[in-house]
2 protein chains.
Amino acid sequence: MEKKSRGRQKIAIEKIAKKKSLQVTFSKRRAGLFKKARELSTLCGAEVAVIVESPAGKVFSFGNPSVDSVIHRYETGDFCPQEDSRKKYLYSMEDLEEHKKEKAMGKSNWWEDLCVENLGLEELEESMAAMQVLRNNLLIPNLTLDQFGVL
Amino acid sequence: MEKKSRGRQKIAIEKIAKKKSLQVTFSKRRAGLFKKARELSTLCGAEVAVIVESPAGKVFSFGNPSVDSVIHRYETGDFCPQEDSRKKYLYSMEDLEEHKKEKAMGKSNWWEDLCVENLGLEELEESMAAMQVLRNNLLIPNLTLDQFGVL
DNA sequence: AGATCTATATATAAGTG
DNA sequence: TCACTTATATATAGATC
């Protein structure tokens with residue numbers, strides 16, 4: 001009889017080349033890591049903090065009892081407070097409301113939707129994709145978001 | 001024949017009552033958690049920090065590239081350009097191969113095509129659309145192509 | 001992007017030295 | 001507490017939807 005899958009394959013612990021595989025693996029293993037962290041803290045009554053930043057720059061965290069409390073314990077001596085904690089956000093709630101209205105009036109088009117919708121957590125990746133378009137199309141070798149001082 | 005051990009036993013995820021078991025489990029699982037964290041950062045090029053405080057109050061940590069840098073990112077949302085992991089996130093040769101295959105199978109979509117394939121001069125208008133995406137997403141009021149010295 | 005499935009790789013509970 | 005063993009529980013790569 002046919003095997004339905006080859007099952008879990010062994011992989012080398014080195015950077016995954018294929019972007020799609022990397023994305024999938026990142027999601028699965030991030031979930032796995034957080035689960036292990038939660039189990040450790042529950043089983044052993046240990047304080048645990050885990051912070052992960054995706055290749056796309058999204059930050060995920062887990063903490064028991066909280067990330068901050070664990071960090072405070074970790075930090076010894078003086079901690080330099082950030083000199084610049086200006087909030088850097090993209091669309092405001094008002095922007096989203098406005099877009100909803102316009103959409104309801106049948107005024108939207110594909111790229112506006114791409115720009116405005118689903119931007120809660122995904123905007124960074126979308127923006128990077130747009131950046132990649134720019135970079136590829138216009139042959140700007142090392143264009144990055146931070147050149148605009150907005151990130 | 002006799003089994004030499006009952007093997008790994010299922011346990012409930014709740015505080016371990018026996019002090020000795022708790023100690024042993026803590027050591028093993030702490031090592032396992034750090035290993036998973038290291039694998040995640042290697043496989044995906046992700047920045048990861050893990051801090052664990054044992055019930056006895058001893059602090060262990062793992063960080064890539066360092067606990068401090070990840071904490072800084074977590075607390076401020078800022079990042080230093082030299083350790084901007086997003087720059088690592090470009091298309092690899094494997095991605096291009098994958099894209100070719102998918103396109104041959106009729107699986108492609110406009111966005112991937114736009115991102116991955118080389119675009120001719122006639123797609124400049126689409127680049128302008130991408131520019132609009134950038135401008136809208138990032139609230140950069142007056143971003144224009146000539147700022148990059150390419151037009 | 002996320003859920004689900006299969007088969008297999010890996011982690012680990014319990015025991016021993 | 002560390003190192004090793006065994007048998008089993010769990011995580012997950014790859015594929016599909």
Side-chain angles (χ1 to χ4, degrees), chain A residues 1-44 46 48 50 52 54-58 60 62 113-114 117-129, chain B residues 1-44 46 48 50 52 54-56 58 60 62 89 94-95 97-98 101-102 105-112 115:
Chain A
M1 74 178 189
E2 300 276 313
K3 286 192 183 180
K4 292 186 182 173
S5 113
R6 292 181 304 149
R8 177 177 177 175
Q9 297 294 289
K10 188 182 181 79
I11 60 167
I13 302 302
E14 59 192 21
K15 174 132 186 185
I16 296 171
K18 284 163 57 175
K19 187 179 164 194
K20 200 171 277 181
S21 301
L22 190 149
Q23 288 272 21
V24 172
T25 294
F26 177 77
S27 293
K28 287 182 177 182
R29 282 180 174 260
R30 171 171 48 80
L33 184 68
F34 285 168
K35 183 178 180 186
K36 290 288 189 186
R38 186 166 40 248
E39 291 183 349
L40 179 62
S41 66
T42 302
L43 287 168
C44 303
V48 179
V50 180
V52 178
S54 76
K58 283 194 265 181
F60 305 84
F62 165 82
D113 293 344
L114 183 66
E117 290 181 346
N118 275 334
L119 288 183
L121 290 173
E122 277 69 29
E123 76 267 14
L124 199 50
E125 286 181 358
E126 299 278 356
S127 300
M128 284 310 292
Chain B
M1 73 183 190
E2 297 282 311
K3 288 191 181 178
K4 291 185 182 172
S5 107
R6 291 181 306 150
R8 176 178 178 175
Q9 296 295 289
K10 188 183 182 79
I11 60 167
I13 303 302
E14 57 192 21
K15 177 136 187 181
I16 295 171
K18 285 164 57 178
K19 199 168 186 174
K20 193 160 193 175
S21 300
L22 191 149
Q23 285 280 12
V24 172
T25 293
F26 177 76
S27 291
K28 287 183 175 181
R29 281 180 174 258
R30 170 170 50 79
L33 184 67
F34 285 169
K35 184 178 181 187
K36 290 287 188 186
R38 185 165 42 249
E39 291 184 346
L40 179 62
S41 65
T42 301
L43 287 168
C44 304
V48 179
V50 180
V52 178
S54 75
K58 193 170 178 180
F60 305 84
F62 164 82
Y89 209 50
E94 286 80 358
D95 288 326
E97 288 303 317
E98 188 74 6
K101 277 187 210 159
E102 296 219 326
M105 293 168 65
K107 276 192 185 177
S108 80
N109 60 54
W110 67 270
W111 182 253
E112 264 199 352
C115 289

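Only this structure's heavy atoms are used, side chains among them; waters, hydrogens and symmetry mates stay out. Quick note on labels: first sequence line is chain A, next is B, and so on, each numbered from 1.
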Participant: Atom CZ of A/R29 to atom P of D/dG14: distance rounded to whole Å?
Facilitator: 11 Å
Participant: Take the protein atom CZ of A/R30 and the nucleotide atom C1' of D/dT12, then report the distance between them rounded to whole Å.
Facilitator: 15 Å
Participant: Write down the distance between CZ (B/F34) and C1' (C/dT12), rounded to a whole number of angstrom.
Facilitator: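 Interatomic distance, CZ of B/F34 to C1' of C/dT12: 17 Å.
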Participant: Looking at CZ of A/R30 and OG1 of A/T25, how far apart are the two atoms once the value is rounded to the nearest 0.5 Å?
Facilitator: 12.0 Å
Participant: With rounding to the nearest 0.5 Å, note down the distance linking OG in A/S41 to CD in A/E39.
Facilitator: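 Between atom OG of A/S41 and atom CD of A/E39 there are 9.0 Å.
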Participant: Taking only the side-chain heavy atoms of A/K3 (C-beta and beyond), determine which of D/dT8, C/dA7, C/dA11 contains the nearest atom.
Facilitator: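 Nearest listed nucleotide: C/dA7.
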Participant: C/dA13 C1' sits how many Å from B/I16 CD1, rounded?
Facilitator: 9 Å
Participant: Just compare D/dT6, C/dA11, D/dA15 and give me whichever is closest to any side-chain atom of B/S5.
Facilitator: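 Taking heavy atoms from C-beta onward, the closest nucleotide is D/dT6.
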Participant: Taking for each residue the nucleotide of DNA chain C bearing the nearest heavy atom, is the 5' side occupied by A/R6 or by A/S27?
Facilitator: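 Nearest nucleotide further toward 5': that of A/S27.
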Participant: Of the candidate nucleotides C/dT6, C/dA14, D/dT12, which contains the atom at the shortest distance from the side chain of A/K4?
Facilitator: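 So the side chain of A/K4 is nearest to C/dT6.
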Participant: Closest-nucleotide mapping onto DNA chain C: is A/G7 or B/K18 further toward the 5' terminus? I mean the 5' end.
Facilitator: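 The 5'-side residue here is A/G7.
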Participant: Record whether the side chain of B/R8 comes under 3.5 Å of the base of C/dA11 through a donor-acceptor pair of N or O atoms.
Facilitator: yes
Participant: Indicate yes or no: at least one non-hydrogen side-chain atom of A/F26 is less than 4.5 angstrom from one of A/V52.
Facilitator: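 They are in contact (side-chain heavy atoms under 4.5 Å apart), so the answer is yes.
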Participant: Do the side-chain N or O atoms of A/T25 get closer than 4.0 angstrom to the phosphate oxygens (OP1, OP2) of D/dA13?
Facilitator: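 For A/T25, the contact criterion (side-chain N or O under 4.0 Å from OP1 or OP2 of D/dA13) is met.
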Participant: In terms of side-chain heavy atoms of A/K28, which of C/dA14, D/dA11, D/dG14 is nearest?
Facilitator: D/dG14
Participant: Please state how far atom CZ in B/F60 lies from atom C1' in D/dT1, giving the value in whole angstrom units.
Facilitator: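 Spelled out: CZ on B/F60 to C1' on D/dT1 is 12 Å.
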Participant: Please determine whether a side-chain nitrogen or oxygen atom of B/Q23 lies at a distance below 4.0 Å from atom OP1 or OP2 of D/dT1.
Facilitator: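 Yes, because at least one side-chain N or O of B/Q23 sits under 4.0 Å from OP1 or OP2 of D/dT1.
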Participant: Counting just side-chain N and O atoms, does A/K10 come under 4.0 Å of either OP1 or OP2 of D/dA13?
Facilitator: no
Participant: Quick one: closest heavy-atom pair of A/L33 and B/A37, and the distance?
Facilitator: CD1-N, 3.7 Å
Participant: Measure the distance from CD on A/Q9 to P on C/dT6 and round it to the nearest whole Å.
Facilitator: 16 Å
Participant: Are A/L22 and B/L43 close enough that some pair of their side-chain heavy atoms sits under 4.5 Å apart?
Facilitator: no
Participant: Report the distance from atom NZ of A/K35 to atom C1' of D/dT10, rounded to the nearest whole Å.
Facilitator: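 Answer to the nearest Å: 7 Å.
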Participant: In whole angstrom, give the distance that lies between atom CZ of B/F26 and atom P of D/dC2.
Facilitator: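 So the CZ-P distance, B/F26 to D/dC2, works out to 11 Å.
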Participant: Tell me whether the OP1 or OP2 atom of D/dG14 has a side-chain N or O from A/K20 closer than 4.0 Å.
Facilitator: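 Result: no.
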